Amino acid sequence: MNGPENTDITDTNPTNTDTDTSEAHDRVTGRARFAQDIPADALHMAVLRSPYPHADIVGIDTTKALAVPGVRAVLHAGDIGEKRFGRFTRDYPVFAVDKVVFAGQPVAAVAADDLETAKRAAGLISVEYAVRAPLLSPEESLSGAAEAIHPDYADYLNAVPVRSHHNVQGEDARVTGDPEAAFAECDEVFENTFTWQRSSSAPMETHGALVDASGDRVIVHASHKEPYKLRRDLAALSGRPEEDFEIRPVKIGGDFGSKGNPFVESMCYFLSARTGRPVRGRLSFAETLGATGGRHAGSLTLRTGLAKGRIHAHQSRFVLDGGAFVAPKPMPKGILPMLGLPLGAYDVGHLDESAVGAYTNTLPGSHVRSPGEFQTIFASESHLEMIARERGEDPLEFKSRHARHGISRKLIEKVRCESALWKRGGEVDGHTVIGTGYSLFHRSAGPGDSTVRLTANGQRVVLELAVPDQGAGSFETFGKLVATRLGLERSQVQVKGRGTDSGLVDLGAGASRVTVVVGRACDDAAAKLLEGLQVSTPPQAATDAAYWIADALQALGTAEISVEGRGSVGRDEVEGLGHAHGALAVQVAVEPDTGIIRARRAVLAVNVGPVLNPLGLRGQLEGGFVYGLSQTLFEDLRPQEGRIELDSFNDYKIASGVDIPELALYFVDESELPAQGLAGVRAVGELVNIGVPAALANAIDDAVGVRLTALPLSAERVLDGIRKKASLAVASR
């Protein structure tokens, strides 16, 4: 088989020794290997991207690029044809066909002996454009006079069959009860609109791949979170059978929803097939920020009616900027699943909800950590706080009174008690003003299927996983789970990530499904292994010095036993899994003269079910808080006339160590891992970040009396609010 050396690069605990070779140890010591670390005598790829958000392609001339010494291939749509991909609807062409629809869209790509040569050649490709007026907002795009951004939409695979407008990406609506009659019965009605800008998933590792199509089979190493989906995509794009592709697992240096599309792999494949050489592609930070996908910009208008002080009716209206392509979303309806999220933690009998996503000539809307909840919980928790304050009611009392779940009231009380120990509002040092804000939230896991393999021999148990390691520490969790079930020490279980040739299957990392779905598969495999060893439970006498399985195998007269386990959660089972719940209190200090906001301290209370990996759990919760803090206060792609011109994290600010406050973490109604089965285990990867925006917005209001309804909660917006408040005060005298 041709291709890069097939080495095991995701093993943890590769030897049965006392040496600490855990997943975390691999990363901090540099032992972990990523797509760019795979050795190969490969060509390097550079991409020419559109500088315009909307333009016809009149002609492309690659003569000068091909004449550069060291250039081996230059490709564009005229060379490969119209090849489109998508996680559901396939509307995204590998190279722009006839026209470009966002600034940053790939137009052509070069393969050369080295990266600098490839970049230089890409800059010599001549493209003649006929620039067209872009549609840069949903309001423009969905107007009656707007031209169709995708006039051939109906021809795309998995296109939404019925749409209310030719620039609709997707839409959804739901009515529960009789909201129209319920609103008529209300004696108080409140309405607020919230908006948010587009932000990036911002993984520390950019998108990268190494593709070798020089032999009978195509070997792919990629920082991609859905290997089996990647195999299907490449097969569909190439017209070759899936069996021709082998996706080999590598570490992923952060995902947060972004690495589920073949942005790099597709171009590398066609260049490798053309040259007969392996091709390595890696996006720059500028390309990752401005040419892949981002959190959807948009707005949400909430209208809530109260009857005798109780929430009686609610209406939600979402308008999402889906960007130039729907491809990054794995949704049959072409829109984020946001219905049911506003006020989802509260008792509301009558609901009227609708959502529409629009095609625009902007960066494609993608999945970013908690792709719908982040925006929605910001809006709904702020909205409820505003209602309570307008009514002169304590916001926590108001929320507790309407909470749907008893655990929510417990969590509210916990953060209330802990935050009561903090100094209350007012000046801290004559320079800043402090305030405290709260939020309540919950999150469920997504559906999926996975199989794992357990092989027990005389030295150790090997756990093979088809799910990729996207950086969340899941391999360590499953190693601990299997060790616990088998009565072994963690050092006696070796964890390996396997590629698509392993015979295993997995839907991929995403939707916070991994722990629940793959955990079930590990549990099933452990039970089958015990059955194969002819024991019902591990021997009670097992100690860290005793690997009892060796004796069991010897008694059976066999050298090893191998079993497969399966975990599955159907879409109809998701709600029955139960939610992970959280409540958050954050104290901020605001500088009235500058608008600068600093988070001073925070307390997080959660209910997450049985704990599989305590250290990993804490890391996920704390990491989620920091991620939410960063996206709330700082992150904004700041498009200018449809262009995103940010080169690095120097331009795209994310939170650093100096921005992170003291965080106290409490587990409410925490339970031990059940002796058998994974009942009650819940998802936490996308739980905490969704509660941060509202808590911070509420804290800012508590500190300086400025209500921000747009993300990010920047210092500029705070200062503008303070000045407007002062102007109104002067005008009212």
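Only a predicted model underlies this, so the values are computations on that prediction, with no experimental measurement involved.
To the nearest 0.5 Å, the span separating CD1 on Ile377 from OG on Ser382 amounts to 10.0 Å. Going from atom OG of Ser164 over to atom CG of Leu142 covers 7.5 Å, rounded to the nearest 0.5 Å. Rounding to the nearest 0.5 angstrom, the gap separating the CG atom in Leu646 from the CG atom in Asp651 is 5.5 Å. Atom CZ of Arg310 and atom CG of Asp187 lie 13.0 Å apart (nearest 0.5 Å). The line from CG of Asn361 to OG of Ser141 is 7.5 Å long, rounded to the nearest 0.5 Å. Note that CG of Leu302 is 8.5 Å distant from CG of Leu384, once rounded to the nearest 0.5 Å.
Under the 3.5 Å distance criterion, the side-chain polar atoms of Arg409 are left unmatched by any main-chain donor or acceptor of Arg404. Looking only at distances, a side-chain donor or acceptor of Ser258 sits under 3.5 Å from a matching main-chain atom of Asp255. A donor-acceptor distance shorter than 3.5 angstrom exists from the side chain of Lys259 to the backbone of Gly254, with no hydrogens or angles considered. Side-chain atoms of Asn607 come within 3.5 Å of backbone N or O of Val668 as a donor-acceptor pair. Listed for the Arg717 side chain is a donor-acceptor partner under 3.5 Å among the backbone atoms of Leu711. The backbone N or O of Ile311 sits less than 3.5 Å from a side-chain atom of His402, completing a donor-acceptor pair. Formation of a donor-acceptor pair under 3.5 Å by the Asn698 side chain with backbone atoms of Ser439 is not found in this model. Between the Glu287 side chain and the Ser284 main chain, a donor and an acceptor come within less than 3.5 Å of each other. No side-chain donor-acceptor contact under 3.5 Å links Glu171 to the backbone of Val356. With hydrogens and angles disregarded, a donor-acceptor distance shorter than 3.5 Å links the side chain of Asn167 to the backbone of Glu147.
Taking the six-membered ring where tryptophan is involved, the planes of Tyr627 and Phe256 are tilted, since the angle between them lies from 30° to 60°. His442 and His579 have perpendicular rings, their planes meeting at more than 60° on a 0 to 90° scale where under 30° would count as parallel.
Salt bridge Asp394/Arg416: present, at least one basic N to carboxylate O contact under 4.0 Å. Using a 4.0 Å cut-off between charged side-chain N and carboxylate O, Glu418 and Lys414 make a salt bridge. The pair Arg600-Glu662 does not meet the salt-bridge criterion, since no charged nitrogen lies less than 4.0 angstrom from a carboxylate oxygen. Salt bridge status for Arg391 with Glu188: present, with a side-chain N to carboxylate O gap under 4.0 Å. Between Glu645 and Arg638, none of the side-chain N atoms (NZ, or NE/NH1/NH2) sits under 4.0 Å from a carboxylate O, so this pair counts as no salt bridge. Ionic pairing of Asp702 and Arg389 is present here: one or more N-O contacts between side-chain nitrogen and carboxylate oxygen are shorter than 4.0 angstrom. Between Glu635 and Arg295 there is no salt bridge, since no side-chain N of the basic residue sits under 4.0 Å from a carboxylate O of the acidic one. Salt bridge Arg317/Glu353: absent, no basic N to carboxylate O contact under 4.0 Å. Contact check on Arg443 versus Glu373 returns a salt bridge, with a Lys/Arg side-chain nitrogen under 4.0 Å from an Asp/Glu carboxylate oxygen. In this structure, Lys410 pairs ionically with Asp669, as a charged nitrogen and a carboxylate oxygen lie closer than 4.0 Å.
Taking each heavy atom of Arg643 and Pro51 in turn, the nearest pair found is NE-O, 2.8 Å. Contact between Ala580 and Leu687 at its shortest, heavy atoms only, is O-CD1, 3.4 Å. Across Ala599 and Val586, no two heavy atoms sit closer than the pair CB-CG1, 4.4 Å. Gly257 and Ser366 make their closest contact through O-OG, 4.2 Å (heavy atoms, listed as atom of the first residue, atom of the second, distance). In terms of heavy atoms, Phe318 sits closest to Met338 at CE2-CE, 3.5 Å. The minimum heavy-atom distance linking Pro693 with Thr632 is given by the pair CG-OG1, 3.2 Å.
Using a 4.5 Å heavy-atom cutoff, the side chains of Phe194 and Ser299 are not in contact. Between Arg174 and Leu351 the shortest side-chain heavy-atom distance does not fall below 4.5 Å. Counting heavy atoms from C-beta outward, Leu604 and Leu621 have side chains that approach closer than 4.5 Å. The shortest distance between side-chain heavy atoms of Val603 and Leu663 does not fall below 4.5 Å. Side-chain contact between Ser656 and Asp659 is present, with at least one heavy-atom pair separated by less than 4.5 Å. Looking only at side-chain heavy atoms (C-beta outward), Lys399 and Ile412 come within less than 4.5 Å of each other. In this structure, Phe398 and Ile387 have side chains that are in contact, with non-hydrogen atoms separated by less than 4.5 Å. The shortest side-chain heavy-atom distance between Lys724 and Asp720 falls under the 4.5 Å cut-off.
The side chain to side chain donor-acceptor pair (under 3.5 Å) test with His296 singles out one residue from Gln375, His367, Lys329, and that residue is Lys329.
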Test ring-ring contact (aromatic ring centres under 6.0 Å, His included) on His150 and Phe325; report intermediate values, then the result.
CA-CA 9 Å; His150 288 267; Phe325 298 108; 5.3 Å; yes

Residues Leu696, Leu629; criterion side-chain contact (heavy atoms from CB on, under 4.5 Å); working and verdict
CA-CA 8 Å; Leu696 285 168; Leu629 180 81; 3.8 Å; yes

| request: Let me see the working for Ser380 and Tyr346 under side chain to side chain donor-acceptor pair (under 3.5 Å), right down to the final yes or no. | output: CA-CA 11 Å; Ser380 59; Tyr346 302 94; over 6 Å; no

Item to complete: For the pair Tyr652 and Leu637, evaluate side-chain contact (heavy atoms from CB on, under 4.5 Å) and give the outcome as yes or no after the intermediate values.
Response: CA-CA 7 Å; Tyr652 183 79; Leu637 285 170; 3.7 Å; yes

Q.
Before you tell me yes or no, could you show the steps for Leu283 and Thr292 under side-chain contact (heavy atoms from CB on, under 4.5 Å), namely the whole-Å CA-CA distance, both residues' side-chain angles and the distance that decides it to 0.1 Å?
A. CA-CA 9 Å; Leu283 300 189; Thr292 54; 3.6 Å; yes

- request: Applying side-chain contact (heavy atoms from CB on, under 4.5 Å), run through Ile434 and Trp422 and close with a yes or a no.
  value: CA-CA 10 Å; Ile434 65 171; Trp422 302 341; over 6 Å; no

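Under the 6.0 Å cut-off for aromatic ring centres, His383 and Phe190 do not qualify, their centroids lying 6.0 Å or more apart. Under the 6.0 Å cut-off for aromatic ring centres, Tyr92 and Phe263 qualify, their centroids lying closer than that. Residues Phe441 and His581 place their aromatic rings such that the two centres sit no closer than 6.0 Å.
Counting heavy-atom neighbours within 6.0 Å of Glu180 CD, excluding the residue itself, gives a total of 12 or less.
Phe183 carries Arg303 over the face of its six-membered ring, with the cationic atom under 6.0 Å from the centre and within 45° of the normal.
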